[in-house]
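Structure record follows, encoded as structure tokens.
Along the sequence shown, residues carry numbers from 1.
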Amino acid sequence: MEHAELSTEQVLRRDIPWETYMSTKLISGTTLQLLRRYDHRSENHRAQLLDEDGPVYVRMFVHVLRDIFKEETVEYVLALIDEMLIANPKRARLFHDKSLADEDTYEPFLS
């Protein structure tokens, strides 16, 4: 099967080695905690996290995309974002939150 043919569901079945990324300093301990709270959870659980702390999770996604270049991980985070936006398109506003003013939230998507 070609890589381009993978569905979002197939990509999201991957087990990403977040702890390895933290031990190699590619992600912080805080990012690891956020990922553990969010990753492989029910849609309702994720929705609650995004409703409570959406900009925090957007910042985390952007940092992972900016700092990790492994194709499987990038595809995985993009699939998480895609799933988040499909579930509620209004969440796109989270990328424009005032708390992210110091971040270039679009840079990882353009590179």
For Val11 and Glu72, what are the C-alpha separation, side-chain angles and deciding distance, and is it a side chain to side chain contact (heavy atoms under 4.5 Å, CB included)?
CA-CA 8 Å; Val11 171; Glu72 290 81 6; over 6 Å; no
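- Residues Arg14 and Leu6 are in side-chain contact: their nearest non-hydrogen atoms beyond the backbone lie under 4.5 Å apart.
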All N/O donor-acceptor pairs, side-chain side in residues 58-68, below 3.5 Å, sequence neighbours left out:
from, atom 1, to, atom 2, distance (Å)
Arg59, NH1, Glu103, OE2, 2.8
Arg59, NH2, Ser99, O, 2.4
His63, NE2, Glu103, OE1, 3.3
His63, NE2, Glu103, OE2, 2.9

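- The CG atom of Leu110 sits 7.5 Å away from atom CG of Asp104, with the distance rounded to the nearest 0.5 Å.
- The pair Glu83-Arg91 does not meet the salt-bridge criterion, since no charged nitrogen lies less than 4.0 angstrom from a carboxylate oxygen.
- Residues Tyr106 and Met84 share a hydrophobic cluster, clusters being chains of Ile/Leu/Val/Met/Phe/Trp/Tyr side chains in contact below 4.5 Å.
- Of all non-hydrogen atoms in Ala79 and Thr8, the two that sit nearest each other are CB-CG2, 3.9 Å.
- Residues Leu85 and Ala92 approach most closely at CD2-N, 3.5 Å, considering heavy atoms.
- Just one of Tyr57, Tyr76, Phe95 meets the side-chain contact (heavy atoms from CB on, under 4.5 Å) condition when paired with Ile81; it is Phe95.
- Checked by atom type, the side-chain pair Tyr21/Thr31 shows no donor-acceptor distance below 3.5 Å.
- Two residues are said to be in side-chain contact when any heavy atoms from C-beta on lie closer than 4.5 Å; Leu49 and His45 meet this criterion.
- The distance from atom CG of Leu80 to atom CG of Asp39, rounded to the nearest 0.5 Å, is 6.0 Å.
- When all heavy atoms of Leu100 and Pro55 are compared, the pair lying nearest together is CD2-O, 3.8 Å.
- Proximity of Tyr38 to Arg46: side-chain heavy atoms (C-beta onward) are separated by under 4.5 Å at one or more points.
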For a salt bridge (Lys or Arg N to Asp or Glu O under 4.0 Å) check, start with the C-alpha distance between Glu75 and Lys70, then their side-chain angles and the critical distance, and finish with the verdict.
CA-CA 9 Å; Glu75 288 174 348; Lys70 187 173 182 188; over 6 Å; no
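- Residue Ser23 holds its OG atom at 9.5 Å from CG of Leu32, rounded to the nearest 0.5 Å.
- Nearest approach of Glu43 to Ala87, heavy atoms of both residues: OE2-CB, 3.6 Å.
- Atom-to-atom distance recorded for Ser42:OG and Gln48:CD is 9.0 Å, nearest 0.5 angstrom.
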